Each structure stands twice: as structure tokens, then as C-alpha cells.
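Residue numbers start at 1 and run along the sequence shown. Both counts, for ligands and for their atoms, begin at 1 and track the order of listing. Note that this is a predicted model, so its numbers are computed, not measured.
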Amino acid sequence: MRVPLLDITEQNAALRPEIEAALGRVLDTNAFILGGEVAELENELASYCGVKHAIGCASGSDALLLAMLAFDIGPADEVITTPYSFFATVSAITRLGAKPIFVDIEPDTYNLDVSQIEAKITDRTKAIQPVHLFGQCADMTRLNAIADAHGIPVIEDAAQAIGSEENGIRAGALSAIGCFSFYPSKNLGGMGDGGFITTNDDEIAEKLRALRVHGSKERYYHKWVGLNSRLDGFQGAVLRVKLPHLDEWSDRRKANADRYRELFDRAGLVEQIILPFEREECRHIYNQFVVRVPSRRDILRSHLTEKGIGTDIYYPVPLHLQECFAFVGYAEGDLPESERAARETLALPIYPELTAEQQSYVVDCIEEFFGGATRNTNAD
Ligand SMILES: *Cc1c(COP(=O)(O)O)cnc(C)c1O
């Protein structure tokens, strides 16, 4: 049996006639950059996320950069964030000359540990940027209380978290600006690069719409130095076909996560495989199903590769230890939970179309690796 980490073949095949028709509509109108399909998508995304404005852009990475630009973040400014994320979380800060100030993560959710934020706030702190890692919101209630008390804006890196919720409020509606990605591996994936930004603030929305077209509200008159970062008409059209299915896909990911829990529980691998922690107040959309493997993670991974099972490590090097961020001044040992997570985590296949047989096979192969001696017969 083969179990890829992600397979979007089935999903795209089912929608192919609709996707082709949507692409045809763009060809008919020549609206290749922004245009009607993107404008409609923006309305649909705003309503999906429960915000006033959604603004398409060229990628999730650009969404983060545009958000920083919207708050005029630049040299000498500090942004508090997590080192345990995708690269773009931090490059958006350093590219503008600002300094990332890292707080370590919680060992159970892998999201930034909100209790460590207050001690890092200075008069140079311009923003706090949590990441909703793997599809579960960071502790936004506590984070927002701290940010509000200090008058510091919050930017959500919600690239992995479209549709995830804390206390019924969706990612992107939990702060001043939410940043999302349509990278094909995200729960709502495009057919190429793309992203969008959410906000409830009319002024910020207007600025973001200008920043994505080189900072001009009126053509050839530039109020700010922005970027060229627009969403393509083709992407807009494809994403409009996919968006109505998103909740069903995310619910299937969640059902797959629940099935893994049952299977691992029966296998009795509680010491060897630590399952993802779900916060009670959250809707987890399982962009990734990441387990902690306290010992022999890399050998387990090779074993699974041999068995035809795709896995990945998110992330093998925490951002404070990346070569290009050495100048920021962090060293090994500074953020121990992030460093430990980098050594111990492993992402297993979780995509919506994954079958029960494939999941049983994954768990059987892991059980076989750990010797099968720990099977919990009581649970059968
Ligand atoms: C995917 C991702 C991004 C970047 O999105 P792109 O569209 O690939 O530029 C940023 N942050 C996180 C946490 C991501 O997972």
C-alpha cells in the first residue's frame, strides 16, 4: 500500500469540469490580474472568515509582508513571534529591517507560549505575530488581553488555519490583520501561489489594497512604497470553485484525526507517539497531523518511507537557528521547547480523501516499528 503525505488528485478530479469552466470565464474576459473573479472571491472569503474585508495578494508570504507594511514596521522596530513556524513568518519582519523577538512554544500545541510575551514587550514592540500552527489557533484570548493592555496590534499568521476557530470566532477575525496562504498544500489550496489578508478596519483595508499595487490608490500616484502583489484571475476562479467545499474537507481531516486517535489508543503507543493536543475552545482544521516521537524519530521516518508512507518534519530547524537569522543573535539552547519539537515532531498523512485502510496501515507500520509489544488489549 502507498500512503502519500498529501494527494490532491482525487479532489481536483472531482471538480475538474467546474474548474475548467471557471478558467474559461477568465479567458473570455482577459481579467488575468485581480478582476471580477478575485473581487467575488474576496467577498466570499470575508464572509467565510467573518470579517469586513478580505484582500487577495500573491502569496501567504506577501500577506505577512503587506501586513507589516500596513503598520509601517521598519528598522529599530521589534515584532514578538514564534521561532517554530514556516520561514516566511520571520522573513517578513527581517526584510523590513525590524527585529524578531522570539518567545518559546507550548510543548503541547506547538503555538507560542502567551505567558512569555509580556516580559518581551519594550517601547520598540510594534506588533505581536502569533502563528496558528498546523490549523489550531494560538491562545488569542489571553494574547489579545496582553496586546490590548499595551496598545500593540496583533497580526495573525493564519496561513495554515483557514476556518479554524477560537470560541466560535474564525482565524483572521481574532486580531487587527489575518494573513492566509493558498499554497497547494493548505486546506484551501490554489493551482499556484496566492494568499489573502483579512481585517475589520476600513482604513487598514484601503491601505492594504493600495500596498498590493505599489502603494497607489490612484494609478501613477504613490502614497506608499508598496509591492506588486496581486492575486491572479485564474487563481480567483479556481478558488471560488473550491471554497464551498472547504468546510467539508476540513471536517474530514478532523474525522481522520479522530480515527488516528482511536487507532493509536488501541495500539497502546502512548509513550512512543504523543498525539496532537486539541484545545477545547478551538476548532482544529488539521492542516497537518503532527505527532511527537520522543525517541528514534528519524529512524521511524525512514521505516515509514520504506513502507511507502509519506511523512514530513515541520520544522527541522527552528527559525532562531537558521543561518540567515544568525545576526539576530540567538543561540542553541535559547528556546528549548522549539528546539525539542524540531527534533521530535513528525507529520503523518491527514488529507480529506485518506481512507480508513490507509490510516490502519500507517498505525500498523508504526506499531511494527516499536515492536508491537505494547498493544493495549483492553481497548479492543
Ligand atoms: C505556508 C505558510 C506561509 C507562506 O505562505 P506562501 O503562500 O507559501 O507564501 C506563511 N506562514 C506559514 C505558517 C505557512 O504555513
Open item on the list: For Arg296, give me all partners under side chain to side chain donor-acceptor pair (under 3.5 Å), at least two apart in sequence or on another chain.
Closed with: none
Task: Glu332 side chain to His320 side chain, donor-acceptor N/O pair below 3.5 angstrom - done: no
Open item on the list: For Arg301, is there an ion pair with Asp298 - N to carboxylate O distance below 4.0 angstrom?
Closed with: no
Open item on the list: Going by ring-ring contact (aromatic ring centres under 6.0 Å, His included), name the residues that satisfy it together with Tyr330, two or more places apart in sequence or in a different chain.
Closed with: Phe102
Open item on the list: Under the rule for ring-ring contact (aromatic ring centres under 6.0 Å, His included), what residues qualify as partners of Phe277, not counting sequence neighbours?
Closed with: none
Open item on the list: Less than 6.0 angstrom from the centroid, inside 45 degrees of the normal: does Arg170 satisfy that with respect to the ring of Tyr48?
Closed with: yes
Considering only N or O atoms, set out every pair between ligand 1 and the protein closer than 3.5 Å, with distances to one decimal place.
unit_1	atom_1	unit_2	atom_2	d
ligand 1	5 (O)	Ser181	OG	3.3
ligand 1	7 (O)	Gly60	N	2.8
ligand 1	7 (O)	Ser181	OG	2.7
ligand 1	9 (O)	Gly60	N	3.4
ligand 1	9 (O)	Ser61	N	2.8
ligand 1	9 (O)	Ser61	OG	2.5
ligand 1	11 (N)	Asp157	OD1	3.3
ligand 1	11 (N)	Asp157	OD2	2.8
ligand 1	15 (O)	Gln160	NE2	2.8
ligand 1	15 (O)	Lys186	NZ	2.9

